[in-house]
**Q** 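Have a look at this one before I ask anything.
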Amino acid sequence: MNLILLGPPGAGKGTQAKLLEEKHGLKQLSTGEMLRAAVAAGTAYGKQAKAVMDRGDLVSDDIVIAIIADRLNAPDVKKGFILDGFPRNTAQAEALDAMLKSKGMKLDRVIEMKVDDEALVERISGRYTCAKCGKGYHDKFEKPKKPGVCDVCGSTEFIRRADDNEKTVRDRLAIYNKQTAPLVAHYGSRGSLTKVDGMAAIADVNRRIEEVLNGV
Ligand code: AMP
């Protein structure tokens with residue numbers, strides 16, 4: 001099964017993608033994670049992307065389209081994939097349509113996760129992860145049981161994304177509303193889009209997505 005999770009930054013796409021990955025063996029393809037890995041590794045396109053990402057702008061279509069084209073050729077997407085953070089504008093959506101067609105693949109469903117802007121700013125500006133195991137936390141909504149110690153692996157080191165501050169979040173939301181939100185019409189007109197309430201608790205959102213997938 002091939003899916004797109006569409007929604008603004010902080011809607012919970014990554015969290016839900018990981019749950020679907022575990023349960024169904026689908027592969028999460030997060031362009032944001034791939035770009036952050038490229039930045040950390042200091043690759044050529046990582047160096048190019050870093051400043052753009054830090055200020056919350058979109059990295060060039062050529063780069064992200066090439067990354068996805070490459071990933072769709074890998075054997076680990078054969079069982080299915082979940083696109084998280086791609087496509088982010090009409091040019092990327094059209095490139096994806098062409099890519100899937102040329103590979104004889106199809107999209108089974110686009111799930112739009114709806115969350116209001118103020119809730120997103122609060123969610124994103126408080127989030128951080130364990131530097132060792134990647135477990136996600138939040139200053140207000142999900143603190144470690146013992147302050148400063150990861151519940152899962154006991155590490156005392158945590159990281160915050162450079163782009164998870166209020167100013168950048170507001171810029172990222174403005175870009176989402178202008179460039180990415182029109183994709184709701186792109187997929188909606190084909191009848192392949194389902195809206196899900198992303199304001200609900202993680203388990204409830206997951207249950208709702210599973211119901212949608214049962215109907216595919
Ligand atoms: P995310 O983890 O999806 O919030 O992405 C973090 C940042 O990576 C974004 O703010 C962009 O700078 C960049 N990025 C991720 N995916 C894309 C994409 N599909 N197109 C352009 N830039 C992207």
Side-chain angles (χ1 to χ4, degrees), residues 2-21 27-72 77 81-100 107 110-115 117 119-129 134-138 159-184 186-187 198:
N2 299 328
L3 309 171
I4 295 179
L5 293 184
L6 187 65
K13 303 186 296 295
T15 304
Q16 295 299 330
K18 288 199 164 63
L19 293 172
L20 296 172
E21 190 173 54
K27 192 73 201 160
Q28 176 191 11
L29 300 180
S30 157
T31 38
E33 277 184 14
M34 293 180 225
L35 288 165
R36 282 188 288 283
V39 170
T43 67
Y45 74 74
K47 282 187 184 132
Q48 227 177 303
K50 185 177 185 319
V52 179
M53 291 170 73
D54 283 353
R55 60 171 191 268
D57 280 344
L58 292 188
V59 171
S60 85
D61 290 342
D62 291 351
I63 292 181
V64 288
I65 290 167
I67 294 177
I68 290 295
D70 189 47
R71 285 302 282 110
L72 290 181
V77 302
F81 57 78
I82 310 156
L83 287 170
D84 157 11
F86 181 94
R88 254 178 157 98
N89 58 29
T90 308
Q92 293 180 17
E94 285 169 356
L96 177 66
D97 289 343
M99 242 186 275
L100 294 176
L107 276 177
V110 179
I111 295 172
E112 184 201 0
M113 299 176 66
K114 302 269 293 174
V115 181
D117 282 8
L120 291 171
V121 173
E122 192 176 33
R123 276 187 187 185
I124 301 185
S125 32
R127 72 184 180 182
Y128 62 100
T129 52
K135 162 85 179 93
Y137 293 98
H138 192 279
I159 35 177
R160 279 177 201 267
R161 282 171 47 175
D163 58 349
D164 277 353
N165 57 76
E166 185 172 344
K167 155 88 179 72
T168 312
V169 171
R170 290 197 186 277
D171 292 345
R172 284 157 68 199
L173 284 176
I175 291 175
Y176 178 84
N177 290 328
K178 188 159 175 227
Q179 299 201 39
T180 314
L183 299 185
V184 170
H186 179 91
Y187 293 111

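First listed ligand is number 1; within each ligand, the first listed atom is number 1.
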**Q** Over all heavy atoms of both residues, which pair between Ile4 and Pro87 is shortest? Give the atoms and the distance, please.
**A**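 Ile4 and Pro87 have their closest heavy atoms at CD1-CD, 3.7 Å.
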**Q** Between the protein and ligand 1, are there any N or O atom pairs that come within less than 3.5 Å of each other, and if so, what are their names and distances?
**A**
| residue | atom | partner | partner atom | Å |
| --- | --- | --- | --- | --- |
| ligand 1 | 2 (O) | Arg36 | NH1 | 2.9 |
| ligand 1 | 2 (O) | Arg36 | NH2 | 3.2 |
| ligand 1 | 2 (O) | Arg161 | NH1 | 3.4 |
| ligand 1 | 2 (O) | Arg161 | NH2 | 3.4 |
| ligand 1 | 3 (O) | Arg88 | NH1 | 3.1 |
| ligand 1 | 3 (O) | Arg88 | NH2 | 3.2 |
| ligand 1 | 4 (O) | Arg88 | NH2 | 3.4 |
| ligand 1 | 4 (O) | Arg161 | NH2 | 3.1 |
| ligand 1 | 4 (O) | Arg172 | NH2 | 3.4 |
| ligand 1 | 5 (O) | Arg88 | NH2 | 3.4 |
| ligand 1 | 12 (O) | Asp57 | O | 2.5 |
| ligand 1 | 16 (N) | Thr31 | OG1 | 2.8 |
| ligand 1 | 16 (N) | Gly85 | O | 3.4 |
| ligand 1 | 16 (N) | Arg88 | NH1 | 3.0 |
| ligand 1 | 19 (N) | Gly85 | O | 2.9 |
| ligand 1 | 19 (N) | Gln92 | OE1 | 3.0 |
| ligand 1 | 20 (N) | Gln92 | NE2 | 3.0 |
| ligand 1 | 22 (N) | Val59 | N | 3.0 |

**Q** Lys50 side chain to Ala38 main-chain N or O, any donor-acceptor pair under 3.5 Å?
**A** no
**Q** Suppose we screen for salt bridge (Lys or Arg N to Asp or Glu O under 4.0 Å). Which residues come up paired with Arg55, at least two apart in sequence or across chains?
**A**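 Salt bridge (Lys or Arg N to Asp or Glu O under 4.0 Å) check on Arg55 returns Asp57.
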**Q** Sub-3.5 Å donor-acceptor pair from the side chain of Gln179 to the main-chain atoms of Asn89, do we have one?
**A**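 Answer holds: no.
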**Q** Rounded to the nearest 0.5 Å, what's the gap from CG on Asp84 to CD on Gln28? Could you check?
**A**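 Taking CG in Asp84 and CD in Gln28, the distance rounds to 5.0 Å.
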**Q** Return yes if some donor-acceptor pair links the side-chain N/O of Lys13 with the main-chain N/O of Gly7 below 3.5 Å, else return no.
**A** yes
